[in-house]
K.L.:
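One structure, as structure tokens, below. Some questions next.
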Amino acid sequence: MKNKVLAIIGGTVALFGLGYLIYVVLGLNAQNGPEVEAVFTKLDLPAIIIMEVLYASLMTIIFSRWAQIKTFGTGAQAGLIIGAFIGACSTLEVFATSELIQLSGVIMAAVTFGVRFAVAGGVIGYLLGRD
């Protein structure tokens, strides 16, 4: 139980830290349509932190219960796949139903989510494997 709590905390820190670095510091956003500045006007940090906790919890449940992932390498591989799918699926929906995202934004989201989830998955896998 202790390892799972540490894995969720470590995954949350990795996801939030890399998200801040990628989206705020580097300014790489998947939303690259002309109407973006009018729509995305706020940054609600408590909601973002809750989202990252939920993502880390999801990966921790999958890794510990079904996949038995207990190393950084296997966690990073699984995290990359999970993150790329989540990033692509969520932005494809917005791409298909609005003018907010262009196809290059879908690809960018898949890549950035994949990188974030790979690092977080590695951290989660490592922490789950600790004795």
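Note: hydrogens, waters and symmetry copies are ignored here, and every other heavy atom, side chains too, is used.
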K.L.:
Is there a side-chain contact between Ile81 and Gln77, using heavy atoms and a 4.5 Å cut-off?
P.N.:
no
K.L.:
Nearest 0.5 angstrom please: Ile124 CD1 to Leu58 CG, how far?
P.N.:
9.0 Å
K.L.:
Tyr20: which residues meet the side chain to side chain contact (heavy atoms under 4.5 Å, CB included) condition with it, sequence neighbours left out?
P.N.:
Val24, Val25
K.L.:
When rounded to the nearest 0.5 angstrom, what is the spacing between CD1 in Ile107 and CD in Gln102?
P.N.:
11.0 Å
K.L.:
Report yes or no: does Asn3 contribute a side-chain atom to a donor-acceptor pair with the main-chain N or O of Arg130 at less than 3.5 Å?
P.N.:
yes
K.L.:
List for me each residue that meets ring pair (Phe, Tyr, Trp, His ring centres under 6.0 Å) alongside Phe63, sequence neighbours excluded, and say none if there are none.
P.N.:
none
K.L.:
Going by side-chain hydrogen bond (donor to acceptor under 3.5 Å, both in side chains), name the pairs with one or both residues in residues 81-90, residues two or more places apart or in two chains.
P.N.:
none
K.L.:
Please give me the minimum heavy-atom distance between Thr91 and Ala109, naming the atom from each residue.
P.N.:
CG2-CB, 3.4 Å
K.L.:
If you compare all heavy atoms of Arg65 against all heavy atoms of Gln68, which two are closest, and at what distance to 0.1 Å?
P.N.:
O-NE2, 3.3 Å
K.L.:
Is the shortest side-chain heavy-atom distance between Trp66 and Ile62 below 4.5 Å?
P.N.:
yes
K.L.:
Considering residues at least two apart in sequence or located in another chain, which fulfil the side chain to side chain contact (heavy atoms under 4.5 Å, CB included) criterion with Ile86?
P.N.:
Tyr55, Ile82, Phe113, Phe117
K.L.:
For Ala120 and Gly11, which heavy atoms make the closest approach, and how far apart are they?
P.N.:
CB-O, 3.8 Å
K.L.:
Give the minimum heavy-atom separation between Val119 and Phe72, together with the two atoms involved.
P.N.:
O-CE1, 4.2 Å
K.L.:
When you measure from the side chain of Arg116 to the backbone of Leu15, do you find a donor-acceptor pair of N or O atoms at a distance under 3.5 Å?
P.N.:
yes
K.L.:
Among the clusters formed by ILVMFWY side chains lying less than 4.5 Å apart, do Leu80 and Ile61 turn up in the same one?
P.N.:
no
K.L.:
Can you list everything that forms a side-chain hydrogen bond (donor to acceptor under 3.5 Å, both in side chains) with Ser64? Sequence neighbours excluded, please.
P.N.:
none
K.L.:
Would you mind reporting whether Val123 and Tyr126 have side-chain heavy atoms less than 4.5 Å apart?
P.N.:
no
K.L.:
Ile50: which other cluster members, linking ILVMFWY side chains closer than 4.5 Å, directly or transitively?
P.N.:
Leu54
K.L.:
Tell me the salt bridge (charged side-chain N to carboxylate O under 4.0 Å, His left out) pairs involving residues 72-97, sequence neighbours left out?
P.N.:
none
K.L.:
Connecting only ILVMFWY residues whose side-chain heavy atoms lie within less than 4.5 Å of each other, what is the rest of Met1's hydrophobic cluster?
P.N.:
none
K.L.:
Of all the heavy-atom pairs spanning Leu103 and Phe95, show the shortest one and how long it is.
P.N.:
N-CE1, 3.4 Å
K.L.:
Thr60 versus Leu128: any side-chain heavy-atom pair under 4.5 Å?
P.N.:
yes
K.L.:
Taking side chain to side chain contact (heavy atoms under 4.5 Å, CB included) as the definition, give me every residue that meets it alongside Ile48, ordered by chain and number, with sequence neighbours left out.
P.N.:
Phe16, Leu43, Leu45, Met51, Glu52
K.L.:
Ignoring hydrogens, what is the shortest heavy-atom contact between Ala56 and Ile8? Give both atom names and the distance.
P.N.:
CB-O, 3.5 Å
K.L.:
Can you find a heavy atom in the side chain of Val94 that is under 4.5 Å from one in the side chain of Leu100?
P.N.:
yes
K.L.:
Can you sort out the partners of Thr71 under side chain to side chain contact (heavy atoms under 4.5 Å, CB included), two or more places apart, ordered by chain and number?
P.N.:
Thr74
K.L.:
Same cluster or not: Phe85 versus Met108, using hydrophobic residues (I, L, V, M, F, W, Y) connected whenever any side-chain heavy atoms lie under 4.5 Å apart?
P.N.:
no
K.L.:
Going by the rule side-chain hydrogen bond (donor to acceptor under 3.5 Å, both in side chains), which residues pair with Ser98 if we only count those two or more places apart in sequence or in a different chain?
P.N.:
none
